[in-house]
Amino acid sequence: MAKVGIFYGSTSGITEEIAIKLREKLGEDICDIYSMEEDFDEYDQLLDYDYLLLGCSTWGAGEVQNDWREPLFEMELDKPDFTGKTIALFGAGDQVDHGTEFVSALGKMYEHFNKLGATLVGEFPNEGYDFQYSSALLNDKFVGLPIDEVNQSEKTEERISQWVDSIRPIFIGS
Ligand SMILES: Cc1cc2nc3c(=O)[nH]c(=O)nc-3n(C[C@H](O)[C@H](O)[C@H](O)COP(=O)(O)O)c2cc1C
């Protein structure tokens with residue numbers, strides 16, 4: 001069975017917690033997990049996997065979490081080929097205090113890896129959220145799993161389970 005690489009950038013630990021739960025649910029034996037801060041040296045590490053779960057919270061005003069900035073920049077210059085790679089995105093945000101760019105980092109990640117040829121999967125319904133704008137919406141669905149632990153922590157577990165159920169057949173078969 002193909003291994004899944006989980007790579008996450010997380011400043012205050014929320015996206016990290018999601019990453020750990022995703023690994024538990026998909027199976028610790030098939031998922032390798034990497035902190036972008038501690039375990040990441042070069043983007044070739046991403047290319048070691050055909051199946052990737054990429055986690056990135058949103059900071060600034062709709063910007064990717066700090067540890068993703070340099071790797072994304074380097075990939076923009078070098079344009080590595082992600083054709084044949086399947087990627088699903090997840091990440092934390094705050095729809096109340098930052099509702100003008102809710103989880104917009106996911107939109108940036110989507111655009112980035114889409115341009116490099118990856119197949120992006122793992123959309124999530126835009127239901128139960130209340131925000132003004134997000135660049136992570138495509139045809140009124142999120143391009144990945146948005147978690148708002150600040151305002152809707154009671155929905156986190158269910159959202160993760162729902163998302164894992166939707167991507168499991170693609171990542172590890174039914
Ligand atoms: C200065 C600052 C800027 C932020 N900007 C955004 C933003 O643009 N969009 C958003 O959805 N959340 C924003 N957030 C909220 C964080 O994404 C949220 O706290 C998230 O849970 C952090 O996840 P992490 O611990 O995985 O980094 C911001 C938070 C701070 C403190």
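Nothing fancy with the numbering, it's 1 onward along the sequence. Whatever order the structure lists them in is the order used to number ligands and atoms, beginning at 1.
For atom 18 (C) of ligand 1, the nearest non-hydrogen atom from the set Gly93, Gly13, Ser57 comes from Gly93. The residue among Asn151, Thr58, Ile18 with a heavy atom at the shortest distance from atom 7 (C) of ligand 1 is Thr58.
Summarising the local packing, CD of Glu154 is surrounded by more than 12 heavy atoms from other residues, nucleotides or ligands at distances under 6.0 Å.
Residue Gly60 has at least one heavy-atom neighbour below 4.0 Å for each of these atoms of ligand 1: 3 (C), 4 (C), 5 (N), 6 (C), 8 (O). Less than 4.0 angstrom separates some heavy atom of Phe102 from each of these atoms of ligand 1: 11 (O). Heavy-atom proximity to Val103, at under 4.0 Å, picks out these atoms of ligand 1: 10 (C), 11 (O).
Counting only heavy atoms from C-beta outward, the side chains of Ile87 and Leu53 never approach each other to under 4.5 Å. Taking 4.5 Å as the limit, some side-chain heavy atom of Ile20 sits within range of a side-chain heavy atom of Ile33.
Taking any N or O of Val150, backbone or side chain, none lies under 3.5 Å from an N or O belonging to ligand 1. Geometrically, ligand 1 and Glu101 share a nitrogen or oxygen pair separated by less than 3.5 Å. For a threshold of 3.5 Å applied to N or O pairs, the pair formed by Gln65 and ligand 1 contains no separation below that value. Taking only nitrogen or oxygen atoms, main chain and side chain alike, Glu16 does not reach within less than 3.5 Å of ligand 1.
Electrostatic pairing of Glu157 and Lys25 counts as a salt bridge here, judged by a charged N lying under 4.0 Å from a carboxylate O.
Counting all heavy atoms, side chain and backbone alike, Ala88 lies closest to Gly122 at CB-CA, 4.5 Å.
At a heavy-atom distance under 4.0 Å, only backbone atoms of Ala61 (N, CA, C or O) approach ligand 1.
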Next item on the list: Apply the test side-chain contact (heavy atoms from CB on, under 4.5 Å) to residues Arg159 and Phe124: give CA-CA distance (whole Å), side-chain angles for both, the deciding distance (0.1 Å), then the verdict.
Entry: CA-CA 9 Å; Arg159 283 173 173 161; Phe124 198 75; 3.9 Å; yes
Notebook entry, point to check: Is there a side-chain contact (heavy atoms from CB on, under 4.5 Å) between Phe90 and Leu22 once you walk through the steps?
Noted result: CA-CA 10 Å; Phe90 63 96; Leu22 291 172; 3.6 Å; yes
Note to self: Please evaluate residues Ile30 and Ile172 with respect to the criterion side-chain contact (heavy atoms from CB on, under 4.5 Å), reporting the C-alpha separation (whole Å), side-chain torsions for both, the decisive distance (0.1 Å), and the verdict.
What the structure shows: CA-CA 9 Å; Ile30 67 145; Ile172 57 173; 2.7 Å; yes
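Closest to atom 12 (N) of ligand 1 among all protein heavy atoms lies Asp94 N, 3.2 Å.
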